[in-house]
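Below are the structure tokens for one structure; questions will follow.
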Number of protein chains: 2
Amino acid sequence: MDEVFKALADASRRSLLDRLHAKNGQTLNELCDGLAMTRQAVTKHLGVLEAANLVTTLRHGREKLHYLNPVPIHQIGERWIKKFERGKLTALSELKRRLEKRDE
Amino acid sequence: MDEVFKALADASRRSLLDRLHAKNGQTLNELCDGLAMTRQAVTKHLGVLEAANLVTTLRHGREKLHYLNPVPIHQIGERWIKKFERGKLTALSELKRRLEKRDE
DNA sequence: ATAATAGGCAACCAAATGGTTGCATGTCAA
DNA sequence: TTGACATGCAACCATTTGGTTGCCTATTAT
């Protein structure tokens, strides 16, 4: 799970995921299009995403097609985010109570 | 939102959030307890978490109490994770279709 | 008053990160 | 078969990151 969090930490990589979300199965060059980065930089980012299992690839001749794998993101939501969502309101109200208590 | 993702990218910081989740309102020294890090390193991590608005602090005399703020995490779930969860099954089945198509 | 406690600040360091350029390889089309 | 195209690989570079040590300040307790 650490790899997934680290992969998501970079804005360029998140935007690559966004692009794949909009259109799945793009080639490397397709994904480079319009980005202010060299192809090699994009390759590295896709490598990180692949290592985190957020992207799966499929060779088709000389092309490499990239597919979004949303499962790890889903798992982060399930295993991690939900845990912190639970306390959302209680934590804030507790803080509010303490802040008010300060003036006693 | 970028700051939140980056803050969550580090395992030590996530574990600090876990600790605050377990017991809210801890002091710096309390949070250092049992960690293989100097107090100053923990201070830095807490600084990153504070900058990302994931932790709110409250001075109480010479102590600094740290409170978890789950709102940014909730927002990531709402604004980002849910978007990718939607395509979870369809994306995989599409990939499966393509993989099978390969052998035609 | 003074010692102990809680935390803040700054300089420094090694390693990781995000990017580059240059060149090599594999595949398709004319 | 040969040139163009899609990608891979490696060396290199600057900046960021995660950590350290050393010292300073503020508050509390004796």
Side-chain angles (χ1 to χ4, degrees), chain A residues 1-20 23-52 54-68 98 101-104, chain B residues 1-20 23-52 54-68 98 101-104:
Chain A
M1 195 132 109
D2 186 62
E3 276 184 316
V4 180
F5 273 110
K6 285 198 169 145
L8 295 181
D10 186 86
S12 305
R13 284 193 290 267
R14 289 198 303 275
S15 119
L16 284 171
L17 292 181
D18 282 337
R19 281 165 150 245
L20 287 179
K23 186 189 172 193
N24 214 11
Q26 295 184 68
T27 67
L28 170 58
N29 273 308
E30 222 171 335
L31 286 168
C32 287
D33 221 66
L35 291 186
M37 246 186 296
T38 58
R39 174 180 55 82
Q40 286 86 342
V42 177
T43 302
K44 282 195 187 179
H45 282 308
L46 289 171
V48 173
L49 292 170
E50 241 186 290
L54 283 162
V55 162
T56 308
T57 63
L58 191 50
R59 291 303 295 246
H60 183 67
R62 65 178 158 180
E63 291 181 330
K64 189 177 188 181
L65 305 175
H66 297 78
Y67 293 89
L68 175 65
R98 292 245 193 181
K101 202 174 164 186
R102 188 177 45 170
D103 299 324
E104 286 176 11
Chain B
M1 197 132 108
D2 186 61
E3 276 185 315
V4 181
F5 273 110
K6 287 200 169 145
L8 294 181
D10 186 86
S12 305
R13 285 194 289 268
R14 288 198 303 276
S15 119
L16 283 170
L17 292 180
D18 282 337
R19 282 166 150 244
L20 287 179
K23 185 187 172 193
N24 213 11
Q26 295 185 68
T27 68
L28 171 58
N29 274 308
E30 222 172 334
L31 286 168
C32 288
D33 223 66
L35 292 186
M37 245 186 297
T38 58
R39 174 178 56 83
Q40 286 85 341
V42 177
T43 301
K44 281 196 187 179
H45 282 308
L46 289 172
V48 174
L49 292 170
E50 241 187 290
L54 283 162
V55 162
T56 308
T57 63
L58 191 51
R59 291 304 296 245
H60 184 67
R62 66 180 159 181
E63 291 182 330
K64 189 177 188 180
L65 305 176
H66 297 79
Y67 292 89
L68 175 65
R98 293 244 193 182
K101 203 173 166 188
R102 188 176 48 173
D103 299 324
E104 287 177 8

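Each chain gets a letter, A, B and so on, in the order its sequence line appears, and its residues count up from 1.
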Quiz prompt | B:Lys6 vs D:dT16: side-chain N/O to OP1/OP2 distance below 4.0 Å | solution =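 No, no such contact exists.
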Exercise. Could you work out which one of C:dG8, D:dG19, C:dG19 sits closest to the side chain of A:Met37?
Key: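 Nearest listed nucleotide: C:dG19.
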Exercise. Output yes when at least one side-chain N/O atom of B:Arg39 is less than 4.0 Å from OP1 or OP2 of C:dC9, else no.
Key: no
Quiz item: Has A:Arg59 got a side-chain N or O lying under 4.0 Å from the OP1 or OP2 atom of D:dG8?
Solution: yes
Exercise. Using a cut-off of strictly less than 4.0 Å, decide whether A:Thr38 has a side-chain nitrogen or oxygen near OP1 or OP2 of C:dT20.
Key: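 For C:dT20, OP1 or OP2 has a side-chain N or O of A:Thr38 closer than 4.0 Å.
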Practice problem: Please report the shortest heavy-atom distance between A:His66 and A:Thr57, naming the atom on each side. | Solution: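 Scanning both residues, the minimum pair turns out to be CD2-CG2, 3.5 Å.
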Quiz item: When you measure from the side chain of B:Arg39 to the backbone N and O of B:Leu28, does any donor-acceptor pair fall under 3.5 Å?
Solution: no
Exercise. Please report, rounded to the nearest Å, how far the C1' atom of C:dT17 is from the CG atom of B:Asp2.
Key: 14 Å
Quiz item: For the pair made of CG in A:Leu31 and P in D:dG8, what is the distance, rounded to whole Å?
Solution: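 Value for this atom pair: 12 Å.
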Self-check item: Short side-chain N/O contact from A:Asn29 to OP1 or OP2 of D:dC5, under 4.0 Å
Solution: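 So the side-chain polar atoms of A:Asn29 never come under 4.0 Å of the phosphate oxygens OP1 or OP2 of D:dC5.
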Quiz item: Atom CG of A:Asp10 to atom C1' of C:dG19: distance rounded to whole Å?
Solution: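 A:Asp10 atom CG is separated from C:dG19 atom C1' by 11 Å.
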Quiz item: Whole-Å distance between D:dT7 C1' and A:Leu65 CG?
Solution: 12 Å
Self-check item: A:Leu20 side chain near A:Leu31 side chain, heavy-atom distance below 4.5 Å
Solution: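 Side-chain contact under 4.5 Å: yes.
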Quiz item: Quick one: A:Asp33 CG to D:dA6 P, roughly how many Å, whole number?
Solution: 11 Å
Exercise. For side-chain contact (heavy atoms from CB on, under 4.5 Å), just list the numbers for B:His45 and B:Leu35, CA-CA rounded to whole Å, side-chain angles, deciding distance to a tenth of an Å, and then say yes or no.
Key: CA-CA 12 Å; B:His45 282 308; B:Leu35 292 186; over 6 Å; no
Quiz item: Can a donor-acceptor pair under 3.5 Å be found between the side-chain atoms of B:Gln40 and the base atoms of D:dG22?
Solution: yes
Self-check item: Any A:Lys44 side-chain N or O less than 4.0 Å from OP1/OP2 of D:dG8
Solution: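 Indeed not, no polar side-chain atom of A:Lys44 lies that close.
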Quiz item: B:Lys64 has an atom NZ; how far is it from atom C1' of C:dC9, in whole Å?
Solution: 12 Å
Quiz item: Side chain of A:Arg62: nearest nucleotide among D:dT7, C:dC28, C:dG19?
Solution: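 Closest nucleotide to the A:Arg62 side chain: C:dC28.
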Exercise. Return the value, rounded to whole Å, for the distance between atom CD of A:Glu63 and atom C1' of C:dT25.
Key: 17 Å
Quiz prompt | Toward the 5' end of DNA chain C, by each residue's nearest nucleotide, A:Ala9 or B:Leu28 | solution =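 Here B:Leu28 is the residue nearer the 5' end.
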Exercise. May I ask you to test the B:Thr38-B:Thr43 pair for a side-chain heavy-atom distance under 4.5 Å?
Key: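 Not touching, per the 4.5 Å side-chain cut-off.
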Exercise. Measure the distance from CZ on B:Arg13 to P on D:dT17 and round it to the nearest whole Å.
Key: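 Going from CZ in B:Arg13 over to P in D:dT17 covers 8 Å.
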